[in-house]
Amino acid sequence: MSSPSTSPMQEAIEFLITTAQSQNVELEVLAVERANTGISFQARKMDQFSFSETHQLGVRVLDGRHEGVAYTESLDRDSLEDTLSEARSNARMIQREWISDLTTARELPQLAGIFNAGLESVNVQDKIQAAQLLESAALEFNPAITAVAYTRYGDGSATSWIANTKGLWGHYRKNYCMGYTYCLAKDGDNSVMDGEAVMAQDFAKFDPKAIAQTAAERTLARRGAVRPKTGKYTVVFENRAAEDLLGTITGYFSAKEIDENTSPLKGKMGQQVFSKHLSLLDDPTFTSATACRPFDDEGFASQKTTLVDNGVLKSYMTNSVLARKLGLPHTAGAVRSPSTDLDASTTNLLVRPGSQTLHDLLKVDQKVIFITDLKGKAGFRHTSGDFSIPMEGFLYENGQRVVALKDFLVSGNILTLLAGIEGVANDVQTPVGNVVSPSLMIPEVSVSGEA
Amino acid sequence: MILNDTLLQKVIEVALSRGADFAEIYLEDTRRRNYSFLNRRPEKAISGHTLGAGIRVFLGTEQIYTFTNDLSEEGLLRAARQAAAALSASNPQLATAPQLFARMGSTPADRGPGGETQWNALRLMDEQARSVSSLITQVQCEMAETFKTVQIFNSEGLNVEEGRGYLSALVKTVAEENGSKESGYERTAFLGTADDWNKVNFKELALEAAGQALRILRADWAPAGEMPVVIDNGFGGVIFHEACGHGLETTSVAKNASVFCGQLGQKIAHESVTAIDDGTLVSQNGSLEIDDEGEPTKRTVLIEKGILKSYIVDKMGARRTGYAVTGSGRRQDYRFAPTSRMRNTFLAAGDSTFEEMIRDVDDGLYAKRLGGGSVSPGTGSYNFAVPEAYLIRNGRIEKQVKGASLIGTGIETLGRIVKVSRDLKLAPGTCGSVSGMIPVTVGQPQILVSKLTVGGKV
């Protein structure tokens, strides 16, 4: 089933499948091959240049109710045999309450738009120039920018393989390029920092100068920030901040968390869990976001899943095992890396855009806090959904920006917060991760700042 | 020895062939075993083998890094050629015979039949946590064993190898009452191999994780505002790690992206504050014999009685700043070029007592258990979650509160530490930064900060 000219990875996978079959062992192989470049400049000199070629191969052994995993980064025969033997030994120690099945051989789909051959032939000098611009264009934008604290150009390609002893065999390739710039500016005796990050699949559309200038603009706008008075405010989360916020709840939709009793959405299927303005779709075929893939990590074709429709919980994300165990629809949501066990999770989480503009949302109340950044999410308690998170943003009065805000925390419960959404904007951007959201407006949010 | 010296010398020569003034190969061979127990039964067992090489060249302050899993002669030479080609003259010293540093235990290749020790310990933790209360509805326990062999070979004649064994065990609990859910978490981590599991008090870990979930379940929300805060010893030290430690790493200092730039010899903290970063402590999570650049590890006094005495310096940081290396070049694995990182970082014991501190506070917070946090070294702003906290009223600890966060800036907080107790404790942690996730220790005696911003609920 492999092509006539086989790569070392193909040979390794074929060797494992054949060996497992000869030992009457049911086996699934997942493998990834990666090539990456990273370049950064500091004080207008190249600071770091890195490139790499790596691979990792993992096996999952099934033997009735027994299941074990092992992985390796060495593809020689001895290492592969050791890996199979470790996985078998691990399987003997684990007895499931259910029987897992391997996916039977089938035609695996491809997904157009996840690999751009042009990106593989970009000249190294052009990449270096892009990295240079990510820093220099910020420094040259305004003398008030004192330094660029963090900046990097990066690109990468990954080939993912899946195969099993029932004859399943497939692979797909993805690539991307990205850049970020975070600037520092003096603000009295203190410094302020902000930045911009962009991902792209076409180097021609990757604009390092624009990234650097946006980073510089955002940093300069942070000057003169004050603490807001403690109280309840109407809050608008800027699209990027909304994506960051929603990233905290993706795990709640995993059927594994439902099974393990750690998701607050357990037992709420069909109920109104969020505001009627919020609809969430899981879409692994959305190629602009990072979690796109033609098939899941068990080898089932990707599909779109409506998770929340106008606030009503419609589905969890399942793999074949959890769907059967919990009696839920199968959503092809299997997630596994070569080094981990089978799991289920969201892929790309998309918020359905509304019809209002961001400006409409910013003028809904006399005073609005526009949140542009979540400063670390350590204050989020996953199991309860309670949170207390430091944020940054701006105060708007009657739709006009008045002053930058700093050193305040937004507190509450994430489920209650999302149930309170009253406005969804139409300003979705090209994502830099796997959550895609427009700006969101929520009234009566608890903000602690100055007494 | 992972690879022979003749091949490594050849790789170094190729790496230097286009004008680099320093070249280094970092080889890593790591074996891992993880055991997990859930829903009262063994949940998963995963074994792993990580094998790779990182090749680094310097020309002045420019750094090129390549890494690969292909440890064949051809694979390594290709990576070395790529590194060399990325540069725009030098005489390598021949490496001496390899110097072997302490191997911390034997490799974890042998486990008892069926991993009996591990599964018994996991089962014990599950049972103990559940025995605390019927409100405990979920328990997840994990044990992990890692054994890492590193070999570092460079153009300055260095040829060293070290074996490092790591153990960690954790318990996560969920408690439920009247539709509310809360979680508890306790972990231990230290240097050792599977033979050292007998040093862990598994029962204590389980009881603490269960107790925590139950206590938080019944707590009210923390108030918001500025107030004096007493931070507990042990993991409370994470506040120094985040608020100040990262800003002392040359990774930030060399870029002028730290609020501590240019402050050496200056008073940056209250005189009660002495802070140390020490890689030499026995068996602590951040201890090493050599760092990931092959430098012998050290005890580095960072702040002495409030005066900044040293930064945390790696090889490239030394080139960029002129400060001497402190044996602090660390990395997660061969996929990362090393940078300056903390090891076991703690505030030294002072002369107050915990009771005195509590007595001194009329209206404040006792932060008993700190959770995760983060810092922006450029601005010095940090934030921490405090899963377990108590109100202090009129010199007495009163009711428990949940949902508290602490926010502030490193320099401001250092100036406001007004009391330091005699009771220093250390606690293991994992630190994430530009060279990946690495094992560290944090620590401190109890401290009283005269004013901190506490985020709770309005």
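Naming: A, B, ... by sequence-line order, numbering from 1 per chain.
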Worksheet entry | Pairs of heavy atoms under 4.5 Å with chain A: top-ranked of B/Thr137, B/Val375, B/Leu38 | B/Leu38
Worksheet entry | Side chain / backbone / both / neither for B/Lys172 at chain A, heavy atoms under 4.5 Å | neither
Item to complete: Report the option among A/Leu184, A/Thr340, A/Asn190, A/Val124 that has the most heavy-atom pairs separated by less than 4.5 Å from atoms of chain B.
Response: A/Leu184
Worksheet entry | Flag side-chain contact, heavy atom, 4.5 Å: B/Thr453 against A/Phe408 | no
Practice prompt. Pick one of side chain, backbone, both or neither for B/Ile407, based on which atoms fall under 4.5 Å of a heavy atom in chain A.
Written response: side chain
Worksheet item: Is there a salt bridge (charged side-chain N to carboxylate O under 4.0 Å, His left out) between B/Arg335 and A/Glu73 once you walk through the steps?
Response: CA-CA 12 Å; B/Arg335 292 177 183 84; A/Glu73 295 181 354; 2.3 Å; yes
Worksheet item: Are the side chains of A/Leu417 and A/Val445 in touch, meaning some heavy atoms are under 4.5 Å apart?
Response: yes
Response to the item:
Heavy-atom closest pair (B/Phe235 atom, B/Leu370 atom, distance to 0.1 Å) is CD2-O, 3.2 Å
Practice prompt. Tell me, for A/Ser85 versus chain B, whether the close heavy atoms (under 4.5 Å) come from the side chain, the backbone, both or neither.
Written response: neither
Fill in: Residue, of A/Lys375, A/Glu67, A/Arg381, A/Gln95, that accumulates the most heavy atom pairs under 4.5 Å with chain B
A/Arg381
Item to complete: Name the region of A/Ala147, side chain, backbone, both or neither, that has any atom closer than 4.5 Å to a heavy atom of chain B.
Response: side chain
Worksheet entry | Shortest non-hydrogen contact from B/Ala175 toward B/Leu217 | O-CD1, 3.7 Å
Discussion item. Given heavy-atom pairs under 4.5 angstrom as the criterion, report whether the side chain, backbone, both or neither of A/Thr72 touches chain B.
Written reply: both
Worksheet entry | Pair B/Asp70-B/Thr68, side-chain donor/acceptor within less than 3.5 Å | no
Response to the item:
Whatever's closer than 4.5 Å to a heavy atom in chain A on B/Gln138 counts as side chain
Response to the item:
Scored by heavy-atom pairs under 4.5 Å with chain A, the best of B/Gly372, B/Gly75, B/Ala79, B/Gly455 is B/Gly455
Worksheet item: Does a salt bridge link B/Asp314 with B/Arg56, judged by any charged N lying under 4.0 Å from a carboxylate O?
Response: no
Fill in: Presence of salt bridge, A/Arg88 and A/Asp63, under 4.0 angstrom
no
Discussion item. Test of understanding: with side chain to side chain contact (heavy atoms under 4.5 Å, CB included), list the residues that count as partners of A/Thr54, not counting sequence neighbours.
Written reply: A/Arg34, B/Phe67, B/Asn69, B/Tyr334
Discussion item. Pair A/Met193, A/Tyr150 - check side chain to side chain contact (heavy atoms under 4.5 Å, CB included), show working.
Written reply: CA-CA 10 Å; A/Met193 185 168 87; A/Tyr150 307 102; 3.9 Å; yes
Worksheet item: Judged by modelled atom types alone, do A/His382 and A/Glu257 share a side-chain donor-acceptor pair under 3.5 Å?
Response: yes
Discussion item. Does any backbone or side-chain atom of B/Ser180 lie under 4.5 Å from a heavy atom of chain A? Answer side chain, backbone, both or neither.
Written reply: neither
Discussion item. Can you confirm whether B/Phe37 sits close enough to B/Glu43 that some side-chain heavy atom of one is under 4.5 Å from a side-chain heavy atom of the other?
Written reply: no
Worksheet entry | Side chain, backbone, both or neither of B/Ile216 within contact of chain A (heavy atoms, under 4.5 Å) | side chain
Worksheet, complete the sentence: One option among B/Arg320, B/Glu226, B/Arg41, B/Met316 has the most heavy-atom pairs under 4.5 Å with chain A, and it is B/Arg41
Worksheet item: Is it the side chain or the backbone of A/Glu260 that comes within 4.5 Å of chain B heavy atoms, both, or neither?
Response: both
Practice prompt. Could you tell me which portion of A/Phe387 (side chain, backbone, both or neither) has an atom closer than 4.5 angstrom to a non-hydrogen atom of chain B?
Written response: backbone
Worksheet item: With only heavy atoms counted, which part of B/Ala337 is less than 4.5 Å from chain A, the side chain, the backbone, both or neither?
Response: side chain
Worksheet item: With chain B, which of A/Arg227, A/Arg92, A/Glu53, A/Lys45 has the greatest number of heavy-atom pairs at distances under 4.5 Å?
Response: A/Glu53
Fill in: Contact winner vs chain A - B/Gly179, B/Gly225, B/Ser183, heavy-atom pairs under 4.5 Å
B/Ser183
Item to complete: Against chain B, label A/Gln42 side chain, backbone, both or neither, depending on which of its atoms sit under 4.5 Å from a heavy atom there.
Response: side chain
